[in-house]
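Everything below concerns the one structure shown next.
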Amino acid sequence: MTAPEMPGRPEETVGYDPTAVEAKWRERWVERGTNATDLNGERPYYQLMMFPYPSAEGLHIGNLYAFTGNDIHGRFQRLQGHTVLQPLGYDAFGIHSENFALKVGVHPMELIPRNVANFRRQLDRAGLMVDWNRSVDTTDPAYYKWTQWVFLKLLERGLAYKKQAAVNWCPSCKTVLANEQVEGGLCERCKTPVELRSLEQWFFRITGYAERLLGNLDTIDWSESTRMAQRNWLGRSEGSELRFRVLDPLTDAGSAGVMVSQEVTSGAVVIPVFTTRPDTIFGATYMVLAPEHPSLERITSADQRADVEAYRDATRRQDIVSRKVNKEKTGVFTGSYAVNPASGEMIPVWTADYVLMEYGTGAIMAVPGHDERDFEFATQFGLPIVRVVAAPHEGPHTPLAAAYTDDADGRLVNSEHFDGLPVADAKQRVTEWLTRRGAAKGVTTFRLRDWCISRQRYWGPPIPVIYCDACGTVPVPVKDLPVLLPHITDYKPDDSGVSPLARYEEWYHVPCPTCGQPARRETDVSDTFLDSAWYFLRYPSVPRDDVPFDAELTRRWLPVSIYIGGNEHAVLHLLYARFINMVMHDAGLVPTEEPFAKFRAHGLIIRDGHKMSKSRGNVVIPDAYMDDWGADTLRTYLMFIGPFEEGGDFRDQSISGVRRFLDRLFASVRDAKGDGAPDALVMRKLHQTIRKVGGDLAALSYNTAIAAMMEYMNVLRRGERAPHLAEVTPLVLLAAPFAPHIAEELWEMLGHSTSIFDARWPEVDESLVRDDRFELVVQVNGKTRGKLSLPNAVTQDAAVAAVQADAALSRFITGAPKKVIFVPGRLLNIVV
RNA sequence: GCCCGGAUGGCGGAACUGGCAGACGCACGGGACUCAAAAUCCCGCGAGGGCAACCUCAUGUGGGUUCGAUCCCCACUCUGGGCACCA
């Protein structure tokens, strides 16, 4: 021990110097290789945190919050005897970096290493148990070589394809956005209204995995809110596909009021529609096709052609915002009629942009009586509204003031032989009936679209494909990877719809790998989300250069034991990562379908009741707090603010309480003595605390774990007595995950020459915790009136007798007890 | 509009499976130490009443179930988030 012994008067020398202690242990950890993971070690535990984007501003307090919560869990698992792999890397490709580089006029290839170095410095200061031997940087050719390999793997498995598609185009970022990157019609990055543009794009067939991505959600240990967000995003609906015959306007000359017999409609176009309410088929009074529907032109009558084309052109030009914000419905009659397959009636066919080509079949049967949108449209254009469901108090002709969409206790009306059936029964019966007439039942539709991964930008991994006039689309051979991103000075995007790389002929001219003739490279780069969709597979295999991930190591370390990150990635990153992992599993390269056995979203840190923002000037700079208080105090305080999964409010005032706790911890160890026997009551509290903290750490309930340690500290330091070594040594271990530097220092003061993180978590001694007496809560008529200390084995009768013998309690009992509720070991309630 | 979650002292928050509401910390008040201050240590700290022992009220609002409700049920208010013309 280095400090002088001053039992009884610790207050004069309380306190420690975090700056010196933390610097010492940062160095010592590097020297000893404390944070390096032996990948062949026993009981592997893969502790993963979402890797950061290394911004120029440096580490954000939100990053630090997430990483600290992660680190504490990882350190705890290590103390539990696991070999913990806790890697961290950088997600440095993407529009964010590129835009920033353009703004400050520094090439991203110079900017990113600078930012990474600054991040690394801050991360080291925070005392994270990160194995830097297994880091990744998505912009490093040694990494994106394998991102390109992932693309080729999907191409090989028929999961990557190219198509001309209307895509979301941000006129400000000058690039295509994935649906996930459009929020309310605005670019999530720059808030510019997104336009529709038709471009040739690479897509991943994630929709083919929708059913499994949904089904597996029930099998993984994730926060319910995250799973719910994914379910909503996948948006599965089950229904039927009905076939509507549209009479050919050329041969049938169909017009209002003219019934055309089915025999003369042989040239009719059949248009499938998807519905979740086949029971309302008799109420389908018109049909609507999306303006982009391929059959629209075929069915439009000559006299309506001009109107329909004008409408289609108008909607095409319109950006998503005005389509979605303009609530009033627009549409045009096509001049054609379709046959309602249930009633045989002729119903008009319209086109309107409230029907989306991307969902279902791009055409609907409109049931204005029982669908709000159809009701609005029918009202606006004077189309017939027919009631086919009636609530208990309504009849078949009760007028509809609005769409009646409630299907709980309605019964069918105006539906021929189905009249009177409750909706639930009708759904089944009508579906069966329609199925016999050519409809398809049990059809599922997803809201999810295929993942567009093309980006017409510079700062990303080039998509590894070559176009040859003779051989067509040729994948770059794996041996030729990586397709290096060239260092070009003019990487500013333009309106051309192609990547800046397309301006560099010397780069994109390349001989065809198959025939050797002159060919051209793909000039688009891939979406940043592809970089992050597989990085967790890479960590254990760094620095292998011959494979993306080693078979043996992957089998040993995957799936990830626990993944911690922000809920803002609930539907983007987490869904893509699950998809890519599932594909790799199908390819036999990864042991499980799901990459993350357990996922927990951490909360957000706000400050003084408000979200942190530069404009508000309330941003917490981690460096400043580490200077003033030390990293250990900042870490512990962040975790003490509130439940880790909920976040909390950062208040400057409150941090002092945590620092006081660490000062007292330091003083306790320094003052502890080894002679004599430890105090029995203190030891009981200690072992209760060991149990409590262990349980809380496993459950990420860090705030209550810290409270429990503080509570123990209050017991430990009560009175003038110097603590006993046996009373403080386990406490150092409990505090170690939170405050690793001071814990190492104290561990050394306690005479250890190896790292505290190579020690073991203290065992709970149940014999110390157990007590043969307990505090019985005494209630009279449900009101607590006091408590009695009684033996554990006390019977109800004995407990009642004890209460009656106690003057302070028995005075509440007036008359004979009517009823007695006795909860052994806890409570006695006497009802009089 | 639909789907999740939340609301507890001056503040952040705690409370196992329906069983002592307010742990722990901050702020605040009082005391010890000091010439003094800071630091440190000790005591108090939901509201109202009482000299006191104690009593009454109290977990967003209004009902309900129960011996007993912060916890379960119904209705509502406010609030955070997700989805949103998805047929």
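Throughout, protein chains are lettered first and strands after them, A, B, ... in sequence-line order, and every chain is numbered starting at 1.
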Compare the minimum distances between each of B:rC83, B:rA87, B:rC3 and the side chain of A:Val571, then state the nucleotide with the smallest one.
B:rC83

Base, sugar-phosphate or nothing for A:Phe812? Non-hydrogen atoms, less than 4.0 Å.
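Here A:Phe812 touches the backbone only, sparing every base.
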
Need one value for A:Arg785: base, sugar-phosphate or nothing, where a base atom within 4.0 Å counts as base even if backbone is also close, heavy atoms only.
sugar-phosphate

What is the distance, rounded to the nearest whole Å, between atom [atom1] of [X] and atom [atom2] of [N]?
| X | N | atom1 | atom2 | result |
| --- | --- | --- | --- | --- |
| A:Leu716 | B:rC42 | CG | P | 12 Å |
| A:Glu568 | B:rG82 | CD | P | 10 Å |
| A:Ile830 | B:rG68 | CD1 | P | 15 Å |
| A:Glu358 | B:rC85 | CD | P | 11 Å |
| A:Ile605 | B:rG12 | CD1 | C1' | 11 Å |
| A:Asn781 | B:rC67 | CG | P | 12 Å |
| A:Leu604 | B:rG5 | CG | P | 19 Å |
| A:Ile606 | B:rC11 | CD1 | C1' | 12 Å |

Output one letter per nucleotide in nucleotides 17-30 of chain B: B when a protein non-hydrogen atom lies under 4.0 Å from the base, S when only the sugar-phosphate is that close, - when neither is.
--BBS-BBSSS---

I would like to know whether A:Arg659 and A:Asp632 meet salt bridge (charged side-chain N to carboxylate O under 4.0 Å, His left out); could you show each step before the answer?
CA-CA 9 Å; A:Arg659 175 58 192 272; A:Asp632 284 338; over 6 Å; no

Considering only atom [atom1], compute the distance from [N] to [M] and round it to an integer number of Å.
| N | M | atom1 | result |
| --- | --- | --- | --- |
| B:rG6 | B:rA15 | P | 13 Å |
| B:rG22 | B:rC57 | C1' | 15 Å |
| B:rU59 | B:rG63 | P | 12 Å |
| B:rC4 | B:rC16 | P | 23 Å |
| B:rC76 | B:rG81 | P | 23 Å |
| B:rC78 | B:rC24 | P | 36 Å |
| B:rC26 | B:rC35 | C1' | 31 Å |
| B:rA58 | B:rA69 | C1' | 14 Å |

Paired with [N] by Watson-Crick or G-U wobble geometry, both distances under 3.5 Å: which nucleotide is it?
| N | value |
| --- | --- |
| B:rC72 | B:rG64 |
| B:rA21 | none |
| B:rA15 | none |
| B:rU40 | B:rA32 |
| B:rC45 | none |
| B:rG5 | B:rU79 |
| B:rC51 | none |

With nearest nucleotide decided by heavy atoms, which residue, A:Asn567 or A:Ile364, maps closer to the 5′ end of RNA chain B?
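In this pair, the answer is A:Asn567.
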
Would you please say whether a donor-acceptor pair under 3.5 Å links the side chains of A:Tyr359 and A:Thr445?
no

Please confirm whether A:Trp350 and A:Phe381 have ring centers closer than 6.0 angstrom.
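So the answer is yes for these two rings.
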
May I ask you to check whether A:Tyr625 and A:Phe650 place their ring centers less than 6.0 Å from one another?
yes

So, under a plain 3.5 Å distance rule, would you say the side chain of A:Lys329 forms a donor-acceptor pair with the base of B:rC85?
yes

Just label B:rG9 as syn or anti from its O4'-C1'-N9-C4 or O4'-C1'-N1-C2 angle, using within 90° of 0 for syn.
syn

Taking the six-membered ring of A:Trp222, is the NZ or CZ of A:Arg578 close enough (under 6.0 Å from the centre) and on axis enough (within 45°)?
yes

Using a cut-off of less than 4.0 Å, is there contact between a side-chain N or O of A:Ser237 and OP1 or OP2 of B:rA87?
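Indeed, a polar side-chain atom of A:Ser237 lies that close.
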
Between A:Asp671 and A:Arg664, is there a salt bridge with N-O shorter than 4.0 Å?
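Not counted as a salt bridge, because no side-chain N and carboxylate O are separated by less than 4.0 Å.
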
Should A:Glu241 and A:Arg243 count as an ion pair when the cut-off is N to O under 4.0 Å?
no

Would you please classify the geometry between the A:Tyr16 ring and the A:Phe666 ring as parallel, tilted or perpendicular, with 30° and 60° separating the classes?
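Rings of A:Phe666 and A:Tyr16: parallel, under 30°.
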
I'd like to know if the side chain of A:Thr361 reaches the main chain of A:Ala363, judged simply by a donor and an acceptor atom lying under 3.5 Å from each other, with no hydrogens or angles considered.
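Checking the backbone N and O of A:Ala363 against the side chain of A:Thr361, a donor-acceptor pair under 3.5 Å is found.
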
